[in-house]
Amino acid sequence: MENLMQKKLNYLTIFSILLLLCVSCLYIYVGFFTHPYADDFSFSDVTHRVWIKTHSFPAVIREAVLQSKISYYEWQGSFLSIFIFLLNPIVFNYQLYWISALVLIILFCLSNFLLTYRLLHRVFRQTKQLAVTCACLLVSLQFICNRSPYEYFYNYISGSYYNFFNSLSLLAFALMLNGKEKQPWHLELFLLLLFLAIGAGNYITALHCFSILCFLILYHLLQKNYRQSLRFIFYLAALCVTLGISILAPGNAARQAVLDPSLPLHPLKAILLSGKEAAKILVKMCDFKMIGFLALLSFSMRQSISFPFHPLLLAGASFLCIAAQFTPILYGQGNVGPDRIYSLIYSNTIIVFYINLLYTALYVKHRLQWRLGRFAVLLAVLAIPLSILLPPKANVLNMLHDIKHNTLIQYHAQKMERHMQLSSAPRGSTVVLRQLQYYPLSLEGGEIEARHSWINDSMAKYYDVQQILLGDE
């Protein structure tokens with residue numbers, strides 16, 4: 001019987017690895033057909049002109065630093081994200097835009113897998129094989145259930161602002177879990193740089209990291225582990241330095257005055273609304289198939305840890321961490337806004353939700369003295385057919401539909417035809433583009449708008465033409 005259970009676990013491990021490879025390769029393949037749109041052009045036009053004139057990478061970097069400084073005083077405080085926006089691949093070559101999708105997908109996959117694996121293996125003390133299996137299944141689940149793949153992976157601006165910095169935070173926490181009491185100096189330095197970058201790059205991720213680090217400091221202080229507490233205090237200080245610089249930027253107030261003078265909200269109101277939004281996203285996750293899938297994975301784990309606190313305490317801390325992600329966006333604009341915000345927070349919530357279910361499952365098994373033994377593997381096996389029913393999976397179906405009907409190839413051909421037409425247009429001319437005929441379901445069509453729109457104007461500046469119009473010829 002033991003051999004039979006191990007054989008089933010081996011099959012499950014192979015299945016989970018293949019599933020992750022298939023899903024991630026599908027996302028990467030679609031990424032080869034993505035094209036720049038809207039903000040991609042508006043942030044790239046200045047640095048692109050510098051590259052065209054000089055073909056000097058240092059000159060482009062100097063211009064990006066200068067433009068980031070201007071934006072800090074006139075538009076937005078997250079200066080590192082602005083700097084990254086200004087180094088869009090299309091600055092150097094339009095046809096390199098696919099690189100951004102490739103980097104974002106790989107970094108997302110690596111950071112989520114490494115964090116989940118190390119949590120299961122180092123914190124919950126599961127076997128390496130079981131940790132790999134569950135980590136692959138959870139990362140695949142995050143790909144399948146992503147609410148807006150285009151905003152999160154295929155659009156450089158929103159992807160680098162939300163996905164990139166969130167992946168850096170997951171990578172930072174994963175690297176902390178290396179199983180050593182004393183960290184190598186180079187790892188400590190790298191982690192400090194990561195938190196400095198997060199604070200300077202994205203308010204949502206910075207607040208999330210802030211709340212987690214505070215809870216880690218409090219936990220280790222209660223455990224009288226002052227060495228670890230001091231370590232996390234250094235990380236928190238690094239995060240707060242760049243976050244404070246970003247928050248105090250004069251550009252934040254200037255931007256707010258242009259967008260909506262009635263904002264920002266009162267901080268207390270933003271915090272209360274954050275709790276409401278956190279409750280809403282948890283309710284959305286309370287689909288019986290989702291809970292069943294994660295619960296089966298949780299109860300399949302072996303009993304191997306002590307329980308320093310009650311599961312309800314972990315649930316409360318987790319809820320505050322989820323709510324903290326909503327606070328900056330609610331404070332700044334009064335509402336959650338587009339799906340890219342939910343894509344970021346939903347992805348993190350899946351990990352937090354699973355950790356809570358796993359801790360609770362092990363706690364219940366310990367209190368009730370359950371001994372599932374070799375039958376625990378069957379629970380993980382039963383989770384597989386349930387995962388097929390998990391909503392939403394429309395993004396994967398859309399990708400398969402676009403591949404089957406060659407929509408991606410036709411869309412790419414149209415976009416490249418436009419690029420060639422605009423690249424060869426005389427400087428300062430008016431260019432009339434044909435309307436796109438093919439729109440892939442897995443990518444936003446990226447159609448230009450009526451004349452004098454900011455999208456058309458930013459695209460015209462990038463190609464150095466007077467204006468771009470949409471017509472039949």
Check: R118 and F173 side chains under 4.5 Å, non-hydrogen atoms
no
For L408 against S442, the heavy-atom pair lying closest together:
CD2-OG, 3.9 Å
Show your reasoning for whether ring pair (Phe, Tyr, Trp, His ring centres under 6.0 Å) applies to F153 and F143.
CA-CA 10 Å; F153 298 109; F143 273 120; 5.7 Å; yes
Given side chain to side chain contact (heavy atoms under 4.5 Å, CB included), test I403 with L26 step by step and report yes or no.
CA-CA 10 Å; I403 293 172; L26 177 62; 3.5 Å; yes
Within-4.5 Å side-chain heavy-atom neighbours: F232 and L236:
no
Checking side-chain contact (heavy atoms from CB on, under 4.5 Å) against L20, which of V139, L137, L141, L138 comes through?
V139
Between T242 and the options L196, L80, I247, the side-chain contact (heavy atoms from CB on, under 4.5 Å) test singles out L196
Could you tell me if the ring centre of Y463 sits under 6.0 Å from that of H419?
yes
Value rounded to 0.5 Å, distance of CG in L171 from CG in N112
10.5 Å
Quick check for you: to the nearest 0.5 Å, what is the distance between S71 atom OG and K69 atom NZ?
13.0 Å
Is there a donor-acceptor contact under 3.5 Å from the side chain of Q437 to the main chain of Q435?
yes
Could you tell me whether the side chain of S458 and the main chain of F41 form a donor-acceptor pair under 3.5 Å?
no
Any residue meeting side-chain contact (heavy atoms from CB on, under 4.5 Å) with H121, in chain and number order, not counting sequence neighbours
Y117, K128, A131
Over 12 foreign heavy atoms within 6.0 Å of CZ, F32:
yes
Just so I know, are the side chains of S44 and Y156 near enough to count as touching, which here means a heavy-atom distance under 4.5 Å?
no
Over 12 non-hydrogen atoms of neighbours within 6.0 angstrom of CE in M420:
no
Interatomic distance, CD1@I245 vs OG@S78, rounded to 0.5 Å, equals 13.0 Å
Among I90, V91, I82, L87, find the residue that satisfies the side-chain contact (heavy atoms from CB on, under 4.5 Å) test when tested with F43.
I82
Please determine whether side chain to side chain contact (heavy atoms under 4.5 Å, CB included) holds for the pair L443 and V30, giving the CA-CA distance in whole Å, both sets of side-chain angles, and the decisive distance to 0.1 Å.
CA-CA 8 Å; L443 297 173; V30 173; 4.1 Å; yes
What residues, two or more places apart in sequence or in another chain, satisfy side chain to side chain donor-acceptor pair (under 3.5 Å) together with Y203?
N252
D464: what forms a salt bridge (charged side-chain N to carboxylate O under 4.0 Å, His left out) with it, not counting sequence neighbours?
R427
Would you check if the side chain of Q142 reaches a backbone N or O of C109 as a donor-acceptor pair within less than 3.5 Å?
no
Would you name the heavy atoms of N202 and T205 that are closest together and state the gap between them?
OD1-N, 2.8 Å
F85 vs S68, side chain to side chain contact (heavy atoms under 4.5 Å, CB included): CA-CA, chis, key distance, verdict
CA-CA 9 Å; F85 296 166; S68 300; over 6 Å; no
What is the minimum heavy-atom distance between V431 and A425, and which atoms define it?
CG2-CB, 3.6 Å
Taking the side chain as everything from C-beta on, heavy atoms only, tell me whether T116 gets closer than 4.5 Å to L120.
yes
For residues 188-199, the salt bridge (charged side-chain N to carboxylate O under 4.0 Å, His left out) pairs (sequence neighbours left out) are E188-R231
Would a 4.5 Å heavy-atom cut-off, applied to side chains only, mark Y152 and S158 as touching?
no
In a table with atom names and distances, give each donor-acceptor pair under 3.5 Å that connects a side chain of residues 98-105 to protein atoms at least two apart or in another chain.
from: W98; atom 1: NE1; to: Q95; atom 2: O; distance (Å): 3.1
from: S100; atom 1: OG; to: Y97; atom 2: O; distance (Å): 2.8

From R418 CZ over to Y94 OH, what is the distance, rounded to the nearest 0.5 angstrom?
9.0 Å
Under the side chain to side chain donor-acceptor pair (under 3.5 Å) test, residues paired with Y72 that sit two or more places apart
none
Output for pair (Y235 OH, L230 CG), nearest 0.5 Å, gives 10.5 Å
Does S167 have any side-chain contact (heavy atoms from CB on, under 4.5 Å) partners at least two apart in sequence or in another chain, and if so, which?
L107, F108, S111, N163
Would you mind listing every salt bridge (charged side-chain N to carboxylate O under 4.0 Å, His left out) that reaches into residues 88-116, with sequence neighbours excluded?
none
For residues L191 and L175, determine if any side-chain heavy atom of one lies less than 4.5 Å from a side-chain heavy atom of the other.
yes
Quick one: closest heavy-atom pair of V132 and F113, and the distance?
O-CE1, 4.0 Å
Those residues that, when tested against D45, pass salt bridge (charged side-chain N to carboxylate O under 4.0 Å, His left out) (two or more places apart):
R49
Does the side chain to side chain contact (heavy atoms under 4.5 Å, CB included) test come out yes or no for I157 and Y161, once each step is laid out?
CA-CA 6 Å; I157 300 298; Y161 186 64; 5.6 Å; no
Please report the closest heavy-atom contact between I84 and F165, naming both atoms and the distance.
CD1-CZ, 3.7 Å
Mind checking whether K415 and L436 have side chains closer than 4.5 Å, heavy atoms only?
yes
Listed partners of Q414 passing side chain to side chain donor-acceptor pair (under 3.5 Å), at least two apart
none
Should the ring pair W51 and F92 be called parallel, tilted or perpendicular, given that the plane angle runs from 0 to 90° and is split at 30 and 60?
perpendicular
Run the side-chain contact (heavy atoms from CB on, under 4.5 Å) test against A206 and tell me which residues pass, sequence neighbours left out.
I198, L239, L243
Please list, chain by chain and in numerical order, all residues satisfying side chain to side chain donor-acceptor pair (under 3.5 Å) with S429, sequence neighbours excluded.
none
At what distance, to the nearest 0.5 angstrom, does CG of L441 lie from NE2 of H401?
5.5 Å
Going by heavy atoms in the side chains, are F83 and V65 under 4.5 Å from each other?
yes
Closest approach of G428 and Q466, non-hydrogen atoms and distance?
O-CB, 3.0 Å
Taking the six-membered ring for Trp and the full ring for Phe, Tyr or His, determine whether the centres of Y37 and Y154 are under 6.0 Å apart.
no
